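For reference, the structure is listed below as structure tokens.
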Amino acid sequence: MNSDTLEKGYEPREVEKRWYAYWEKEGLFAAEDVADKKPFSIVIPPPNVTGVLHMGHAHNNTLQDILCRYRRMQGYNVLWMPGTDHAGIATQNVVEKGLAEEGKNRHSLGREQFVERVWQWREEYGGLIIKQLKRLGASCDWNRERFTMDEGLSRAVKSVFVRLYKEDMIYQGDYIINWCPRCQTALSDLEVDHEDHNGNLYYVRYPFENREGGIVVATTRPETMLGDTAVAVNPGDERYRAMEGKMVILPLMNRAIPIIYEEYVDTSFGTGALKITPAHDPHDFEIGQRHNLDIVKVIGSDGRMNEQAGHFQGKDRFECREEILEALNKEGLLEKVEPYQHSVGHCYRCRTTVEPYLSRQWFVRVKPLAKKAISAVEKGETRIIPHVWTKTYFEWMNNIKDWCVSRQIWWGHRIPAWTCETCGKLIVAMEAPEVCPACEGTTLVQETDVLDTWFSSALWPFSTMGWPDDTQTLKTFYPTSVLVTGFDILFFWVARMMMMGLHFMNEVPFKDVYIHALVRDAEGKKMSKSKGNVIDPLYVIDEYGTDAFRFTLAAFAAQGRDIKLSEDRIQGYRHFINKLWNASRFSFMHLRDFDPDSSQPDAQSLSLPGRWILSRLNSTVETVTRALDEYKFNEAASALYRFLWHEFCDWYLEIVKPVLYAQLSLEVSGDKANKGRTPDTQRAVLCSVLNEILRLLHPFVPFVTEEIWHKLPGTNGSIMKAAFPVSNEQRHDPGAEATMNLLMGITSGIRNIRGEMNVPPARLVEATVQSTDNDVRQTIEEHQDIIINLARLESLNVTLPGKRPALSATSVFGDSTIFVSLRDIIDFEAEKARLNNEIAKITKQLGGIGKKLNNADFLTKAPDEVVNGVREKQGELAEKKSKLETHLSTVTHLASN
RNA sequence: AGGCACGUAGCUCAGGGGGAGAGCGCUACCCUGACACGGUAGAAGUCGCGAGUUCAAAUCUCGCCGUGCCUACCA
């Protein structure tokens, strides 16, 4: 293969591998801590180390990469900070699964060995997703890759924890939290997924002390009744008047518990009587606090009934439910069972039903932090794009509850707190204390809990840049320019980064938050393994190439709408990549030995098609730049698609083909004398437009553009180092565009006749254009070669309106009437049908316009320019219609002869 | 229960007060010297329904219907 030619079809695989290695080797992704250039920075949403690249990652990182490559080409000092998240529960679960296969568990290993084992796992498999991001073309500065558990980040986590504790922003407390009995840990509210569940509402009678009558309560979870310490009714409820303080017998346990009055109770639900289980329901817990009720825990951390549960001890909580119902039934205390749908919380990691569980946990007081985070967005220090999400953000921030940050797992940042065994003092510090500052005791036991994974993620924008040290990286790149993420982690992550960033850096962590849509399957359903509707991005990359995939994602990334992805759609954009490839291939045929340096296109000698394509290119540059600046990836993609395919390929290349082939034959024949004299502007334009197209497309389709770039005359080095095109007002040429519109209109008119009248493409025909406008006639005559070529004409006559050429079909464009001679192949019926169809369309349009112009209010109240526009339109249409009608009658006349 | 989106051509969607658009699909003709992953042409929509504002509504407002999502919670 010659260095300046391309294979017939684009083969992504080898090309992608080669150029990615080249980019890395050349250090083209590297950011500079000190530079004269303006900074642009993004921190990657760190994927879980356990993660495998899925569509969400692919979409998210493609958008980030487009922005980074775009800004880099614009001359910014770009930092795209990469890394992975230790993903506490998720990773622990994965490693535990591995252990289970060996017949072991983490307890048999012990904490230290288990954690060691997780690190091993990470060494071995943790790099997978990074490799996959590279296949996607991600231009992260990999030398800076971070991990939320690495040394520096662990130091940041400890510093933050200690400082928050000293500021009284962290406290320990006994509360009902969400407990996953399988993972054996607390979960934050966000980590619980609620699902509707078809359960039952059980009506249970709690008899009075004399064993007579009693109060009927309704519950969905009868097993918790073993821990009941009261029954609450609404003080205004007539049915339970004067019952406060009376006692009822808790069935099965034979314990007397009081009836209490509580406003919270809804009289319309169930029987209006609510059993109170302070240890196993968050509301009951609060009510218990208010009424000083006993707290009786009957379910243990493993989801089994404990010693307080009488003879149900040791039973699984759901098993116990069945047995309790049976026992109640036997005693005649189960009054009624009705089906009842309610939502049940599940662990977001393992789907186990979450248990509300009373325990001692660490909490962060977030209200003061949230206040700052709200005001930063209100003041516009951080913009949320699209704006609709701002409301959701405020809503959540305004109703935020304290954040339970402790987790009872082993993989994660261990809370830097120690308790003195001697005096019980709690010490929170960066390092393990040697002696208790209170009693000088030396037996200090570290807290066993670790921190919520999102605690370290919340610090990501500054911890990755070296905080708590005052680094040059922070000075240059904080706050980051934009955070690109899905709305699914707006609360988990974005909100918390805002709070931590503002608190510890006194500055927002990012100027913009761009929230993109979710990728769904072709039917709009969430992709999930269990539904079997996932499309694997790596499969897509193998099958269609990274560039086609990336362009698809960008093209569908309309703000605020989810992406329904299917293979068909990706295939469509592979065609686009192929089009680019072949347009380049064609260009290279003609650019052999072309030296762009010695043949700069100069405005004077530019031909019409040259001026036109440069003018269109300039509009495209403007559109793409504006769209990317506003995160409207789909608009940028569609502008590029349209320009490359429908303007550059369909019109420009087709128009200049004859000129290029003529030039080519000059080159081949070695006619030096003529060669030197022919201005080479056409090739110069071709070369420079293609050059610019590649640069415009590079952020979207980095591989194929790099490959072509190196074969394009006049380029030097990587396209990554080339400048992103800028608009140049001098190329804007409305005159050329108007002229081209005329020529394209006439051409389409002729093609329409050819198509409709079934003229075989190989057959050349004669055409006549009649116009009263001298300029129009002159323009068409001047450029008649273009029309003759594109419309496949034998000849083109341009005249004043006059006699209608015999046996011809007609079309009207502007004030021009086009006749195509059809001689032996004219089909009068077909022509009549075609004209009738055309006339019908125009008549319909005229109807609407006429209505407007007959409306006096329209004439007086609408702006003049609108009225004039409509009048002009009416004139045009009426003229066109009358011309077509004339021709129709001629044809009808001819047909009947 | 509350909130937020969305209902435009067969499908996926763009547009967002004055001429209904694109891609894919479909139909017809064509392997014309970059590309059949191609070319040319064509058919196809009361812009969910109903009202209001306006000279003018697919576009703004309200209501309804449908779809999706989010948040909260119901013992």
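Scope of the values below: all heavy atoms of this structure, side chains included, with no hydrogens, waters or symmetry mates. Every chain is numbered from 1, with letters handed out A, B, ... down the list of sequences. From a predicted model like this one, the values you see are computed outputs, not experimental measurements.
- Taking atom C1' in both B/G19 and B/C4, the straight-line distance is 34 Å, to the nearest Å.
- Distance alone, capped at 3.5 Å, places no donor-acceptor pair between the A/Arg205 side chain and the A/Glu335 backbone.
- The base of B/C35 lies close enough to the side chain of A/Lys579 for a donor and an acceptor atom to sit less than 3.5 Å apart.
- Nucleotides B/C74 and B/C6 are separated by 29 Å at their C1' atoms, to the nearest Å.
- A search for ring-ring contact (aromatic ring centres under 6.0 Å, His included) contacts involving A/Tyr652 returns A/Phe648, not counting sequence neighbours.
- Atom CG of A/Asn399 and atom P of B/C70 are 18 Å apart (whole Å).
- As the counterpart of B/U53, no nucleotide is assigned, since no Watson-Crick or G-U wobble pattern has both distances under 3.5 Å.
- A/Pro760 comes within 4.0 angstrom of no nucleic acid atom, judged by non-hydrogen atoms across all strands.
- When the P atom is used for both B/C35 and B/G16, the distance is 39 Å, rounded to whole Å.
- A/Asp266 comes within 4.0 angstrom of a base, heavy atoms only.
- One interatomic measurement links the two molecules: CH2 of A/Trp396 to C1' of B/C4, which rounds to 18 Å at whole-angstrom precision.
- Within the shown strands, nothing qualifies as a pairing partner of B/U46 under the Watson-Crick or G-U definition with both distances less than 3.5 Å.
- Side-chain contact of A/Gln682 with A/His590: a donor-acceptor pair under 3.5 Å is absent, judged by distance alone.
- In the set B/A43, B/C73, B/G19, B/A43 carries the atom at the smallest distance from any side-chain atom of A/Lys841.
- Distances shorter than 4.0 Å separate some side-chain N or O of A/Asn752 from OP1 or OP2 on B/G42.
- B/G18 and B/U59: their C1' atoms are spaced 11 Å apart (whole Å).
- Using a 4.0 Å heavy-atom cutoff across all strands shown, A/His646 reaches sugar-phosphate atoms only and no base atom.
- Rounded to whole Å, atom P of B/G39 lies 15 Å from atom CD1 of A/Ile655.
- A donor-acceptor pair under 3.5 Å is absent between the side-chain atoms of A/Arg792 and the main chain of A/Arg754, judged by distance alone.
- Pair assignment for B/A1 gives B/U71, based on Watson-Crick or G-U wobble hydrogen-bonding distances that are each under 3.5 Å.
- A/Val759 comes within 4.0 angstrom of no nucleic acid atom, judged by non-hydrogen atoms across all strands.
- Picking from B/A41, B/C29, B/C69 the nucleotide with the shortest atom distance to the side chain of A/Phe487 gives B/C69.
- Nearest to the side chain of A/Lys401, among B/C55, B/C73, B/C35, sits B/C73.
- A salt bridge is absent between A/Arg834 and A/Glu756; no separation between the charged side-chain nitrogens and carboxylate oxygens falls under 4.0 Å.
- B/U59: no Watson-Crick or G-U partner with both key distances under 3.5 Å is found in any strand.
- Residue A/Ala862 places its side chain closer to B/C55 than to any other of B/U40, B/A75, B/C55.
- Positionally, the nearest nucleotide of RNA chain B for A/Tyr641 lies more toward the 5' end than for the other of A/Asn578 and A/Tyr641.
- Looking at the side chain of A/Lys391, the nearest of the listed nucleotides B/G3, B/C73, B/G18 is B/G3.
- A donor-acceptor distance shorter than 3.5 angstrom exists from the side chain of A/Thr271 to the backbone of A/Val216, with no hydrogens or angles considered.
- Remark: aromatic rings of A/Trp645 and A/Tyr641 are close, center separation under 6.0 Å.
- The nucleotide B/G21 finds its pairing partner in B/C13, both defining distances of the Watson-Crick or G-U wobble pair being shorter than 3.5 Å.
- As judged by a 4.0 angstrom heavy-atom cut-off over every strand, A/Tyr573 is placed among residues making no nucleic acid contact.
- Using a 4.0 Å heavy-atom distance criterion, A/Arg574 is classed as a base contact.
- Residues A/Glu635 and A/Thr747 both approach RNA chain B. Their nearest nucleotides, taken by heavy-atom distance, put A/Glu635 toward the 5′ side.
- Taking the P atoms as reference points, B/A22 lies 35 Å from B/U54, given to the whole Å.
- Rounded to an integer number of Å, the gap from A/Leu764 CG to B/U40 P is 18 Å.
- For A/Leu859 and B/A56, the CG to P distance is 13 Å, given to the nearest whole Å.
- Contact between the side-chain N/O atoms of A/Trp645 and the OP1/OP2 oxygens of B/G39 is found at a separation under 4.0 Å.
- Residue contacts for A/Glu654: at a heavy-atom cut-off of 4.0 Å it reaches a base atom on one of the strands shown.
- Comparing B/C11, B/U32, B/G23 against the side chain of A/Arg792 picks out B/U32 as the nearest.
- Proximity of A/Leu334 to A/Val204: side-chain heavy atoms (C-beta onward) are separated by under 4.5 Å at one or more points.
- If you take atom P in B/C24 and the same atom in B/A58, they sit 29 Å apart, rounded to whole Å.
- Looking at heavy-atom distances under 4.0 Å, A/Lys852 makes contact with sugar-phosphate atoms alone, never a base.
- A gap of 43 Å separates the C1' atoms of B/G25 and B/A1, to the nearest Å.
- Distance from the side chain of A/Asp857 is smallest for B/C55 among the nucleotides B/C73, B/C55, B/A41.
- B/C47 and B/G21: their C1' atoms are spaced 11 Å apart (whole Å).
- Nucleotide B/C6: paired with B/G66 (Watson-Crick or G-U wobble, both distances less than 3.5 Å).
- Ranking B/G18, B/U71, B/C35 by closeness to the A/Val866 side chain, first place goes to B/G18.
- Counting to the nearest Å, the C1' atom of B/C55 and the CD1 atom of A/Ile849 are 16 Å from each other.
- Taking atom NZ of residue A/Lys632 and atom P of nucleotide B/G16, one finds them 8 Å apart after rounding to whole Å.
- Pair assignment for B/G38: B/C30, on the basis of Watson-Crick or G-U wobble contacts that are both within less than 3.5 Å.
- When distances are taken from the side chain of A/Asn837 to each of B/G38, B/C55, B/A43, the shortest belongs to B/A43.
- Taking the six-membered ring where tryptophan is involved, the planes of A/Trp581 and A/Tyr10 are tilted, since the angle between them lies from 30° to 60°.
- Of all nucleotides listed (B/C37, B/C55, B/A75), B/C37 comes nearest to the side chain of A/His575.
- Distance A/Glu223 CD to B/A75 P: 12 Å, rounded to the nearest Å.
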